[in-house]
There are 2 protein chains.
Amino acid sequence: MDSKEILKAHILKTATLTDQEFDYLFSHFKSKSFKKGQAIISEGDKVDHEYFVISGCLKAFFINDEIKMYILQFAMPTWWTSDYGALYNHTRATISVDCISDAAVLCLSNDDREKICSEIRQAEHFFRWRTNRGYLASQKRLLSFMNNDTKARYEELLAMYPQLYNLVPKHLIAAYLGVSRETLSRLYNAQK
Amino acid sequence: MDSKEILKAHILKTATLTDQEFDYLFSHFKSKSFKKGQAIISEGDKVDHEYFVISGCLKAFFINDEIKMYILQFAMPTWWTSDYGALYNHTRATISVDCISDAAVLCLSNDDREKICSEIRQAEHFFRWRTNRGYLASQKRLLSFMNNDTKARYEELLAMYPQLYNLVPKHLIAAYLGVSRETLSRLYNAQK
DNA sequence: TGCAGAATGTGATGTACATCACCTAAGCCC
DNA sequence: GGGCTTAGGTGATGTACATCACATTCTGCA
């Protein structure tokens with residue numbers, strides 16, 4: 001399945017577009033490929049695109065005082081990512097995005113998204129629902145943070161995304177969970 | 001300013017509606033008043049409305065194992081609240097909402113929101129942007145959780161909502177910060 | 001107005017985690 | 001394939017917080 005089909009299947013789950021509408025929408029996306037380790041958005045960048053992952057795995061992260069990294073999101077195929085704060089408010093990036101593995105993405109500019117939303121009814125509908133899912137996921141993660149200890153959050157993460165265990169290094173999983181790599185290491189070595 | 005004017009001013013900040021469109025939209029809202037301590041949504045309820053706060057202060061919270069309460073949101077005037085997970089997925093409430101003070105709200109049903117969104121272009125636009133703001137706020141709070149200690153989060157909260165200091169009891173602020181009331185008490189008594 | 005329950009303060013103690021220090025093992029690159 | 005970088009494991013120690021226990025103050029209301 002090529003990029004276009006993947007995006008189409010993804011959007012048609014929540015919106016009803018004619019083929020012509022989808023083709024028009026798709027014409028605003030640009031395909032890009034990145035190598036493992038490459039940066040897509042770096043802190044301080046001007047941000048004007050969001051990214052739809054076709055293959056590979058990205059991470060969206062924040063670095064505190066140039067010391068600690070916190071991972072906001074592992075972006076897997078059919079996920080969207082960007083520094084949405086910077087994108088919507090036209091400010092410089094505080095959140096960075098780079099590639100955990102080689103990756104293929106579709107890029108959509110903020111201007112084009114707004115243009116499409118104003119031209120195609122169902123596109124606006126789609127983006128409303130997409131943001132909504134993001135909001136719910138974020139709220140769920142916040143609750144999990146307050147309510148569960150590290151071990152429970154680790155198991156929750158692996159239950160939801162079993163692929164992560166082999167795909168991403170453990171210190172990145174620790175950065176997602178918000179604990180030190182040492183603590184994570186001790187956790188799953190102790191529980192045998 | 002009455003409820004209608006407050007909602008109108010709120011919506012017109014991000015969407016362009018004609019007076020007739022707004023009147024039609026407004027006709028789907030119901031006014032309700034609640035007393036301090038009254039529940040609006042209780043765990044296990046069927047959820048089919050969301051709420052726009054006109055006056056007073058609500059809290060949206062989650063209770064773990066019937067023991068600990070975590071506050072997801074203090075809802076102040078012009079804020080929206082509900083158990084959005086239950087509302088969108090048609091499941092029973094896991095998040096409850098009640099009144100910290102006497103409150104007046106406008107209620108909108110999930111069905112009516114979707115109906116309005118499909119009928120009025122700019123209404124869908126408004127709700128897309130509203131959800132987006134919620135998503136960004138939630139992500140910001142998640143980052144603050146991972147990155148800052150309790151004292152920093154406490155100061156951040158009071159800097160953003162100074163009214164809270166006098167309006168809500170300290171143990172609720174602790175429940176928002178995700179710490180015990182004892183820890184919060186020691187925190188601001190130590191820093192004198 | 002006096003009393004019950006709620007809100008708040010504070011000490012003692014336990015624990016989950018961070019941090020630092022150091023070690024081993026596994027890529028990866030000229 | 002030897003050396004360098006990155007990932008990962010593990011001990012010792014410190015610290016921020018939870019928890020329990022109890023004292024104190026506030027507040028609503030009969």
Side-chain angles (χ1 to χ4, degrees), chain A residues 35-39 57 59 61-71 74 98-102 143-158 164-192, chain B residues 34-39 56-57 59 61-71 74 98-102 143-158 164-192:
Chain A
K35 287 282 167 200
K36 177 175 174 173
Q38 250 188 296
C57 181
K59 66 176 195 282
F61 60 101
F62 172 78
I63 291 185
N64 154 295
D65 304 328
E66 305 185 358
I67 303 256
K68 281 203 231 170
M69 176 179 67
Y70 298 102
I71 294 182
F74 292 115
D98 68 19
C99 302
I100 293 178
S101 65
D102 291 358
L143 258 186
S144 174
F145 237 92
M146 295 201 279
N147 193 25
N148 300 131
D149 63 11
T150 301
K151 190 178 165 191
R153 292 207 311 285
Y154 174 66
E155 281 158 9
E156 190 176 59
L157 177 67
L158 286 194
L164 284 181
Y165 189 83
N166 295 312
L167 187 58
V168 319
K170 306 270 180 289
H171 72 270
L172 293 185
I173 292 184
Y176 180 92
L177 296 174
V179 293
S180 67
R181 55 169 202 81
E182 293 96 327
T183 295
L184 181 62
S185 164
R186 277 185 258 264
L187 251 183
Y188 58 72
N189 285 318
Q191 77 194 11
K192 280 169 195 162
Chain B
F34 294 94
K35 288 283 166 199
K36 178 175 176 174
Q38 247 188 299
C57 181
K59 66 176 196 282
F61 60 100
F62 171 79
I63 291 185
N64 154 298
D65 305 328
E66 305 185 358
I67 304 256
K68 280 202 231 171
M69 175 180 67
Y70 299 103
I71 294 182
F74 291 114
D98 68 18
C99 302
I100 293 179
S101 64
D102 290 359
L143 258 186
S144 175
F145 237 92
M146 296 201 278
N147 193 24
N148 300 131
D149 63 10
T150 302
K151 189 178 165 191
R153 293 207 312 285
Y154 173 66
E155 281 159 8
E156 191 176 60
L157 177 66
L158 287 194
L164 284 181
Y165 189 84
N166 295 313
L167 189 57
V168 319
K170 305 271 179 288
H171 73 270
L172 293 185
I173 292 183
Y176 180 92
L177 296 174
V179 294
S180 67
R181 54 167 203 85
E182 293 95 328
T183 294
L184 182 61
S185 164
R186 279 185 256 264
L187 251 183
Y188 57 72
N189 286 317
Q191 77 194 8
K192 279 168 196 164

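All figures in this text were calculated on a predicted structure; none of them were measured in a lab. By convention in this document, chain letters (A, B, ...) are assigned in the order of the sequence lines, proteins followed by strands, and residues within each chain are numbered from 1. These numbers come from the heavy atoms of this one structure, side chains and all, not from hydrogens, waters or symmetry mates.
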Starting from the 5' end of DNA chain D, give me the residue, B:Thr150 or B:Lys36, whose nearest nucleotide shows up first.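 The residue closer to the strand's 5' end, by nearest nucleotide, is B:Thr150.
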With a 4.0 Å heavy-atom cut-off, tell me which residues in residues 171-180 of chain A come close to DNA chain D, sorted by residue number.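 The stretch gives A:His171 as the residues lying under 4.0 Å from the strand, ordered by number.
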When you look at B:Tyr165 and B:Lys170, which way does the side chain to side chain contact (heavy atoms under 4.5 Å, CB included) test go after all the steps? CA-CA 8 Å; B:Tyr165 189 84; B:Lys170 305 271 179 288; 3.9 Å; yes
So, using side chain to side chain contact (heavy atoms under 4.5 Å, CB included) as the criterion, who are the partners of A:Ser185 when residues are at least two apart?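 Per chain and number, A:Ser185 pairs via side chain to side chain contact (heavy atoms under 4.5 Å, CB included) with A:Asn189.
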Using side chain to side chain contact (heavy atoms under 4.5 Å, CB included) as the criterion, list what pairs up with A:Asn147, not counting sequence neighbours.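 Expected list: B:Phe62, B:Asn64, B:Tyr70.
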Over the length of the helix from C:dT1-D:dA30 to C:dC30-D:dG1, how much do the five-pair end axes diverge, rounded to 10 degrees?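 That helix gives 40° between its end axes.
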Between [atom1] of [X] and [atom2] of [Y], what distance do you get to the nearest 0.5 Å?
X        : Y        : atom1 : atom2 : result
A:Arg181 : A:Arg186 : CZ    : CZ    : 9.0 Å
A:Asn166 : A:Leu164 : CG    : CG    : 9.5 Å
B:Phe74  : B:Leu167 : CZ    : CG    : 9.0 Å

Across the strands shown, which category fits B:Lys68 at heavy-atom distances under 4.0 angstrom: base, sugar-phosphate, nothing?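 Sugar-phosphate contact only.
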Does B:Arg153 reach the main-chain N or O of B:Ser144 with its side chain, forming a donor-acceptor pair under 3.5 Å?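 Checking the backbone N and O of B:Ser144 against the side chain of B:Arg153, no donor-acceptor pair under 3.5 Å is found.
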Does the B:Ser101 side chain pair with the main chain of B:Cys57, one donor and one acceptor, at a distance under 3.5 Å?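 Judged by distance alone, yes, a pair lies under 3.5 Å.
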Yes or no on side chain to side chain contact (heavy atoms under 4.5 Å, CB included) for B:His171 and B:Leu184, after CA distance, side-chain angles and deciding distance? CA-CA 8 Å; B:His171 73 270; B:Leu184 182 61; over 6 Å; no
Pairs: protein N or O with nucleotides 9-11 of chain D N or O, under 3.5 Å:
| residue | atom | partner | partner atom | Å |
| --- | --- | --- | --- | --- |
| D:dG9 | OP2 | A:Ser185 | OG | 3.2 |
| D:dG9 | OP2 | A:Tyr188 | OH | 2.9 |
| D:dG9 | N7 | A:Arg181 | NH1 | 3.2 |
| D:dG9 | O6 | A:Arg181 | NH2 | 2.7 |
| D:dG11 | N7 | A:Arg186 | NH1 | 2.8 |
| D:dG11 | O6 | A:Arg186 | NH2 | 3.2 |

Intermediate values then yes/no, side chain to side chain contact (heavy atoms under 4.5 Å, CB included), B:Tyr176 and B:Leu172: CA-CA 6 Å; B:Tyr176 180 92; B:Leu172 293 185; over 6 Å; no
Can you give me the first and the last nucleotide of DNA chain C (5' to 3') that has an atom within less than 4.0 angstrom of a non-hydrogen atom in chain B?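 Span of nucleotides near chain B: C:dA7 to C:dA12.
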Are B:Lys35 and B:Asp102 ion-paired here, with the side-chain N under 4.0 Å from a carboxylate O?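 Salt bridge between B:Lys35 and B:Asp102, a charged N being under 4.0 Å from a carboxylate O: yes.
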Please report the C-alpha distance between B:Phe145 and A:Met146 in whole Å, then the side-chain angles of each, then the deciding distance to 0.1 Å, and finally whether the side chain to side chain contact (heavy atoms under 4.5 Å, CB included) criterion is met. CA-CA 9 Å; B:Phe145 237 92; A:Met146 295 201 279; 3.3 Å; yes
Among B:Thr183, B:Asp149, B:Ile173, B:Asn148, which residue satisfies the side chain to side chain contact (heavy atoms under 4.5 Å, CB included) criterion with B:Tyr154?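 Running side chain to side chain contact (heavy atoms under 4.5 Å, CB included) over B:Thr183, B:Asp149, B:Ile173, B:Asn148 with B:Tyr154 returns exactly one hit, B:Ile173.
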